[in-house]
2 protein chains.
Amino acid sequence: MNTRRISDSTVRRLSGYLRYLRQLSADGRPVVSSRELADETGTTAAQVRKDLSQFGSFGQRGRGYPVTALRDVLIRILGLRRQWRVCVVGAGRLGSALLGYEDLARRGFEVVAAFEIDPAKVGRSVRGVPVLPVEELEREIDMRGVEIAILAVPDAPARQLAQRLAAAGVTGILNFTSTKIDPGPGVAVRVMDIAVELEGLSYTIVTGASAGGAGP
Amino acid sequence: MNTRRISDSTVRRLSGYLRYLRQLSADGRPVVSSRELADETGTTAAQVRKDLSQFGSFGQRGRGYPVTALRDVLIRILGLRRQWRVCVVGAGRLGSALLGYEDLARRGFEVVAAFEIDPAKVGRSVRGVPVLPVEELEREIDMRGVEIAILAVPDAPARQLAQRLAAAGVTGILNFTSTKIDPGPGVAVRVMDIAVELEGLSYTIVTGASAGGAGP
DNA sequence: TAGATTGTTAATCGATTAACAATC
DNA sequence: TAGATTGTTAATCGATTAACAATC
């Protein structure tokens, strides 16, 4: 066991292990090996053991890892023993697609509100989630105890909204825009940018990197 | 200049530089420094220079990088001189949110078809994109020259659909599901998993890593 | 006991950062 | 010329891989 700072890549892999462990647990499987975890999540057995060993010793030599115990350990490590309260900013196509998303709730993230600037969209409720006017963002975030925001607006207002979210007390932002936001210290940010990923695919395809094809 | 294999992180940053350069170009700015590119995309000036130097020398010492020339270089490097033909598999909430997405077309990715298993959703057209029956996936991909697929279906059918997409000749898949897909060699894969990112935020928040707060 | 598999250390690899001569 | 900023090399840092003794 080790107390270095845990890397992003490690945390990302832990999510993958957790997802598979939940599945195994539902299937009633008692034990799993680092090899199986690795194969199923796209990494190596050594990497799995290394990742887990940064937090403690959870396996049994010769046998493997107990499924439910390891699942619970990962749930604790990732901070998922509690339900997080999430809002979606922007109730356009993408934003409203995320409302009432069952799987998110099951995995610990409950979307409790959406915010929208267009008065035509404000007021109704999408799959049980109220769509509120963005002017009331600060008040509602406070009243509803929102901790994490999903930013699904056009690029233009993204930066300013990130500031407002930070000031309103949100501690994490998942940024779906292509704009770099800077909500300041104390607010964690993750980016999901479709264009970046598609451009990455484009690069890989044209260079033939994954195809084993000849170079340029 | 260098001919090592370019890392994922580098390619991701190139996307960021390109996005900002397009903006500067639209604004008529002639030159930009590595420092400004770095500040605007969340990296360091040294990193920007290092990234670009892997492909050649595009700047002028003492002056900076010519905006439009560098933009065009990045467009070429990333394989964006052509328009990519993209399909969306799964016309549910998320899938249909991606149809007719203007910004994607502007950045080189044209969604030309969607595939859906639910007969109730098949047949209509969403913002100009035809929603086709998934049984015709192979034929339509071939006929329409689709090269990249965005996989926006539930976890259960993801793996099998990835196989079919690969067999149908797709060379890149953007996987929005939480399932590990394995379309085989010759097909590039990128993952966008909301749950993974939210769990990453959760981890960062509970450990206080970005807040500079005290440890656990 | 024999076989399996962990936890951990050491070796390797790659990416980032720092520094600075070159030069606009 | 003086100031700015690149391109590149060397130094540092961190992550991944390999190997294996411990032990179930």
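All chains are named by letter (A, B, ...) in the order of the sequence lines, taking the proteins before the strands, and each is independently numbered beginning at 1. Reckoned from all heavy atoms, side chains included, excluding hydrogens, waters and symmetry mates.
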A:Arg190 side chain to B:Thr204 side chain, donor-acceptor N/O pair below 3.5 angstrom: no
For DNA chain D, the residues among residues 25-39 of chain B that have a non-hydrogen atom under 4.0 Å from it: B:Ser33, B:Ser34
Any donor-acceptor N/O pair, B:Glu147 side chain to B:Arg85 backbone, under 3.5 Å: yes
Criterion side chain to side chain donor-acceptor pair (under 3.5 Å) on B:Arg13 and B:Thr43, from CA distance to verdict: CA-CA 8 Å; B:Arg13 285 191 300 265; B:Thr43 183; 4.6 Å; no
Nucleotide-resolved protein contact map, nucleotides 19-24 of chain C, B/S/- at heavy-atom distance under 4.0 Å: B-BBBB
Distance below 4.0 Å between B:Arg13 side-chain N/O and C:dT16 OP1 or OP2: yes
Worked verdict on B:Ile75 versus B:Arg22 for side chain to side chain contact (heavy atoms under 4.5 Å, CB included): CA-CA 10 Å; B:Ile75 286 177; B:Arg22 284 183 148 136; 3.7 Å; yes
A:Tyr65 side chain, from C-beta outward: closest of D:dT16, C:dT17, C:dT6: C:dT6
Side chain to side chain contact (heavy atoms under 4.5 Å, CB included) partner of B:Thr171, the single match among A:Val206, A:Leu201, A:Ile205: A:Ile205
Contiguous Watson-Crick or G-U pair runs (3 or more, under 3.5 Å) in DNA chain C: C:3-24 with D:3-24
Out of D:dT17, C:dT16, C:dT8, whichever nucleotide has its closest atom nearest the side chain of B:Lys50: C:dT16
A:Ser7, nearest nucleotide to its side chain (from D:dT17, D:dA15, D:dT16): D:dA15
Ring geometry between A:Tyr203 and B:Phe55 (parallel below 30°, tilted from 30 to 60°, perpendicular above 60°): perpendicular
Touch class at under 4.0 angstrom, heavy-atom based, for B:Thr10 against every strand present: nothing
Derivation of the side chain to side chain donor-acceptor pair (under 3.5 Å) call for A:Arg71 and A:Ser25: CA-CA 8 Å; A:Arg71 178 201 59 186; A:Ser25 175; 3.1 Å; yes
